[in-house]
Amino acid sequence: MSDQHTSCRYGEWYSSERGHFAMHRCKALLYSLLSGWPRRSRSILAFNAGSADFVELLWDCGFDVTAQDSAPEYMDYARTCLGKRAKFVLSSPDHLPFDDNSFDYAIAAAAVEFWENPETVLKEIDRLACSGVILIFPNAWSLFGLECKVRGRDPLCASTTSLLKSPRSILRLTRKIFGKKKTSWRSMLPGPSASWRPLRMLNPLNNAQMSIPMGAFAGLRIDFGPLYTGTPMPLRNPAPVTSGSSIL
């Protein structure tokens, strides 16, 4: 199955009730990982512009955002959703038309799992980003990962099983490319996918974030230098983590 077709099914995944709930929590996960990073006059490169919700959150947080995608239809979708809130580049993720050190940060949410050659893309990130990178991916080391192995025909699992990534393999690869930098883990959705719905008794558990990569979605932040200790710029939007629109 091609990456483009898989990505389309992933979009259908997010449009379901459980997927919509997961998307809301993924945005909260990204927001948490961004804490501590300065935002005023800071540039960030976002991979997979089709995930417009994540790109919009970055703009809401105060970053100057450039969004990448390699599929024209996803780029058109992002432009329609975001307008002038981001710059856009239609390009392969492993060969971007920017000079070295063009960005302060890079982020790949709903992107790592679609890269044909993650090592090559991470090398490109190493070339372009000066201060840090965040990677968010569906986690094989989770109850949901186990669920996908057992219930592969479930629509939610069928769209995700081939995309699951091991935190160990991601960490090993990032250390190969970036060296032993300061890393921070966060994860969310530790409960079974049947509980990923509003007003469920397990929602307090699913709304919590863990500092170990055991939830259905794991996030890894890698800081290339010392963490900023000042107060980040106020948000453009007082409530950036919403469940308004769905991912492609």
Side-chain angles (χ1 to χ4, degrees), residues 1-16 19-31 33-34 37 39 41-98 102-118 120-122 124-125 128-129 132-138 159-160 163 217 219 235-237 239-248:
M1 182 182 299
S2 68
D3 283 348
Q4 184 171 333
H5 185 56
T6 304
S7 183
C8 181
R9 292 184 65 187
Y10 211 11
E12 295 171 2
W13 189 96
Y14 277 122
S15 66
S16 68
H20 190 73
F21 182 83
M23 178 62 177
H24 179 76
R25 301 312 307 147
C26 276
K27 291 166 68 177
L29 176 64
L30 172 57
Y31 187 67
L33 287 164
L34 288 168
W37 277 3
R39 300 159 186 171
S41 301
R42 302 292 172 142
S43 59
I44 193 165
L45 173 64
F47 288 85
N48 189 4
S51 55
D53 283 338
F54 293 119
V55 178
E56 184 174 30
L57 187 150
L58 295 172
W59 182 86
D60 287 339
C61 287
F63 290 103
D64 295 327
V65 187
T66 297
Q68 172 276 339
D69 211 299
S70 54
E73 60 271 29
Y74 293 166
M75 184 65 74
D76 290 343
Y77 171 83
R79 289 181 186 276
T80 300
C81 291
L82 300 168
K84 296 182 179 180
R85 285 173 285 183
K87 300 175 184 177
F88 301 92
V89 55
L90 183 64
S91 175
S92 170
D94 58 1
H95 189 71
L96 290 159
F98 301 110
S102 291
F103 299 92
D104 293 298
Y105 301 103
I107 175 178
V112 177
E113 54 269 37
F114 299 118
W115 293 341
E116 292 183 4
N117 191 334
T120 304
V121 181
L122 290 175
E124 186 73 345
I125 291 175
L128 294 172
V133 60
I134 289 173
L135 308 174
I136 296 177
F137 53 91
S159 301
T160 315
L163 306 176
F217 281 84
L235 304 178
R236 292 190 176 104
N237 183 336
V241 182
T242 65
S243 55
S245 56
S246 61
I247 195 170
L248 267 180

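Residues: numbered from 1 along the sequence shown.
Once rounded to the nearest 0.5 Å, the distance linking CD1 of I136 with NZ of K27 reads 12.0 Å. Here D60 contributes atom CG and Y31 contributes atom OH; the two are 9.5 Å apart, rounded to the nearest 0.5 Å. From L90, atom CG reaches atom CE of M75 across 5.0 Å, with rounding to the nearest 0.5 Å. Rounded to the nearest 0.5 Å, atoms OG (S91) and CD (E124) are 8.0 Å apart.
Proximity of L82 to W59: side-chain heavy atoms (C-beta onward) are nowhere separated by under 4.5 Å. Using a 4.5 Å heavy-atom cutoff, the side chains of F217 and L30 are not in contact. With contacts defined as side-chain heavy-atom distances shorter than 4.5 Å, the pair D69/Y77 does not qualify. A heavy-atom distance below 4.5 Å is found between the side chains of F63 and L34. Between W37 and R42 there is no side-chain heavy-atom pair separated by less than 4.5 Å.
Not a single donor-acceptor pair under 3.5 Å links the side chain of T66 to the backbone N or O of L45. Counting only distance, with no hydrogens or angles, the side chain of D104 and the backbone of S43 share a donor-acceptor pair below 3.5 Å.
Under the rule for a side chain to side chain contact (heavy atoms under 4.5 Å, CB included), the partners of A46 that lie at least two apart in sequence or sit in another chain are V55, L58, V65, I107. Considering only residues two or more places apart in sequence or on other chains, R85 meets the salt bridge (charged side-chain N to carboxylate O under 4.0 Å, His left out) condition with E56.
The nearest pair of heavy atoms linking L29 to G219 is CD2-N, 4.1 Å.
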